[in-house]
Amino acid sequence: MNLHQSIPEEQAGAVEIRVRGRVQGVGFRPTVWRIARELDLMGEVLNDADGVLVRLGGSAGVIARFLERMKAERPPLGRIDRIETRPFDGDLPREFRIAESVGGTAHTQVTPDAAICKDCVAEVLDTFARRYRYLFTNCTHCGPRFSIVTGIPYDRAQTTMAVFPMCPACEAEYGDPADRRFHAEPIACHVCGPKARLIRFDGRAVSFDQHSMLDDVDAVCSLLQKGDIVAIKGLGGYQLACDATHEEAVCRLRALKQRDAKPFALMARDLDIIGRYCPLDDEARRVLQSPEAPIVILPVGGPEHLPEAIAPGLKTLGFMLPTTPLHLLILRRMTRPVVMTSGNLSDEPQVITEEDAKARLSAIAPYALVHDRAIANRIDDSVIRVMGGRARLIRRARGYAPAPIKLPPGFEASPPVLALGGELKATFCLVKDGEAILSQHQGDLEDAATYDDYRKNLALYAALFDHAPKALVADKHPEYLSTKLARTRAEDEDLALVEVQHHHAHVASCLAENNCPLDVPPVLGIVLDGLGLGDDGTIWGGEFLLADYHGYERLGTFKPVAMPGGASAVREPWRNLYAHLMAEIGWAQFARNFAALPLHADLAARPRATLDAMIKNGVNAPLASSCGRLCDAVSAALGLAEDVQAYEGQAAAALEAIVDEETMLREDELLAYPLEISNLGGSGLPYIDPLAMWNAILGDLILNTPLPVMAARFHKGLAKAIVAMARKLARRDSADDPRFTHVALSGGCFQNRILFEQVVRRLEAEEFTVLTHAQVPANDGGLALGQAAIGAARLIDERAKSREGNVPCASGFQAAS
Ligand SMILES: [Zn+2]
Ligand SMILES: [Zn+2]
């Protein structure tokens, strides 16, 4: 930052201060106005296309104090990226004022929704305040933004608040720079704003005891307390709520929602209630109370317990605090946690209209708390997990999207690019003016309603960010709906199309969020996930890529093993177990040595002949070098995996959940299962070889070794092998000039806290610099950012080439084709 550009001490003068960052629509101008007035400075403040502009007249000392205070007292949702100061010689108003915004093409930022702020909480609980118990209270420091926006510029007329004209009292607040509601577009009150009411889906009138319940919202609390399920129209979609301590209600909700085993999100009134079930460290407390207010995945371990049906098979719970006044007031009298899960059936998108709620949710919840502020844009709750002491996004949605992510140095030169993401956990990403705008999580595109929503969001973002791409970027997988859409659009709109290998995009995503510049030297990307299409037509999912933004070289992998049944093998972990055992040991030897195991009986009863034929003939049994499938197979061997997984990653999560932490922490390296590094025949590509591990696992099963110890031995062995591979590939031992010094970790398997923390610790012990995800998910939700960075790099390279003739790209890799 460039704060004090030679303004001579104590000499009167005038300066112009440019402030960049998240400074519009968050109450920045009133803050500047207040500080300038308090310091008795003359001048003005205004919004323009580049952010906020402040012109000040006064002594250099006072101006310096102003700058200090502006940084220290910036509004809660504000973020200052850069301040530039230069002398100003125009006229200034004597009395400091907020001037008209300038710049017709100003890209007024649409900011994410923010949880209710402390001041608004105090107001809705204050019996003497004008907004006592008003459910839609908000100010410039909090409240809905993205979820209610319908167009740009961001003002009330372009939100779903347009149909509620402000009353004189609200209008006065809106126009008063000294008020924290100055230019707060969605403000409202009991007189002029939206209203909520409790309904019964069957149309019958709701009756409740007016003496013991304050209003409709308070009645929701009473319904929850007596075990009812209530649909609630939340900020970005309907939610379904029930008392989380009421086992029968939780099981009923699970059955009716057709959600077999996926964990339910929880909401609690305050941190003390959460603390009864989960210990909270400082980072978890900070994130829970942040304006983003995500669901935070916490380890269980309090004095009290919730029913197993909340998060079957897991040792974690996902908690959030009330995010809106509506949630705050529902939970006001509730001293127990409530389930607050998305209002939908199994994997469909969340319901956002009352009509849809009636059609889809009435069979689940007899009651609904509805209101008349429309949800313009569906947005799920975000999910965070604290790993390695740092909050890391697993699902990036409410509170985070669509806040831009600054791209690293070198990307300023990129023309507008649109990356369409993957297939599961779909997001897309716009590149514009050196920034990446990553969409909110939208779910799996295979679901038709989700795919419709994805296309609607593409149009919305194009309008909100005035974005017309010069190139489209997609995954190489021809069957992804996102890839198909990109191919069609590229042809129809005559746009360049860049197709990016799945795991390369993962590495680039990690590089981009770690601010690695466009010309960064190649790093070793370790990408562990379920599946992605490889360059050789096989399926990859455990890859060691020497990579930068321009290209990559595959240096190592996991042993490729067949997936008998193809897509069925993704859902049914026992298929992977069978394929692994056949690839390593063969049935004859397995039957000879391990016939005593229940596992033997289990596999013997499967349609082995069919599976064998598939594997032998390579029909519907593609080879996959997938770390995710290896974890599935181990989980199945330990008897932890359901026959059919209820959600992606369930078997691996169950394996992580039972790990014995004591075994994990013991220094004894002999405890690690042996995973060796071998070389693939033809290509000579080194791979992680699980043969010895399988013999050790089967031996442990014979010895009745406790499963938590076995799970720990597996995690330890896997981490150890991954790091041994990195060391080997770096050629640290043979040369003073290693091939790479930085390692980037990506892929959904790194949502496993134990694996992640083990790998990071061991890599750091080997003196590698480790780059990890935090702002964007390691899973496919972060894929679009990496695609966007690679696509942008390609366009920048091509421009440079066409200017200077043929210059090979810096890293000398094959281009990412
Ligand atoms: Zn507020
Ligand atoms: Zn009003």
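In listed order, ligands and their atoms are each counted from 1. The figures that follow rest on heavy atoms only: side chains count, while hydrogens, waters and symmetry mates do not. FYI, the numbering just counts along the sequence from 1.
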Donor on one side chain, acceptor on other, Arg133 and Thr127, under 3.5 Å: no
Ring geometry between Tyr174 and His183 (parallel below 30°, tilted from 30 to 60°, perpendicular above 60°): parallel
Metal check, the Zn ion (ligand 2) vs His190 N/O/S, cut-off below 2.8 Å: no
Of the protein N/O/S atoms, how many lie under 2.8 Å from the Zn ion (ligand 1): 4
Vertex the Zn ion (ligand 2), rays to SG in Cys189 and SG in Cys170 - rounded to 10°: 110°
Any donor-acceptor N/O pair, Glu354 side chain to Val370 backbone, under 3.5 Å: no
Distance in Å, Ile98 CD1 paired with Glu100 CD, rounded so as to fall on 0.5 Å steps: 11.0 Å
Side chain to side chain contact (heavy atoms under 4.5 Å, CB included) assessment of Arg378 paired with Val351: CA-CA 8 Å; Arg378 173 184 289 126; Val351 167; over 6 Å; no
Gly237 to Ile352 - nearest heavy-atom pair and separation: CA-CG2, 3.9 Å
Three-point angle Cys167:SG, the Zn ion (ligand 2), Cys192:SG, rounded to the nearest 10°: 110°
Sidechain-backbone polar pair: Arg145 side chain, Cys142 backbone, donor-acceptor under 3.5 Å: yes
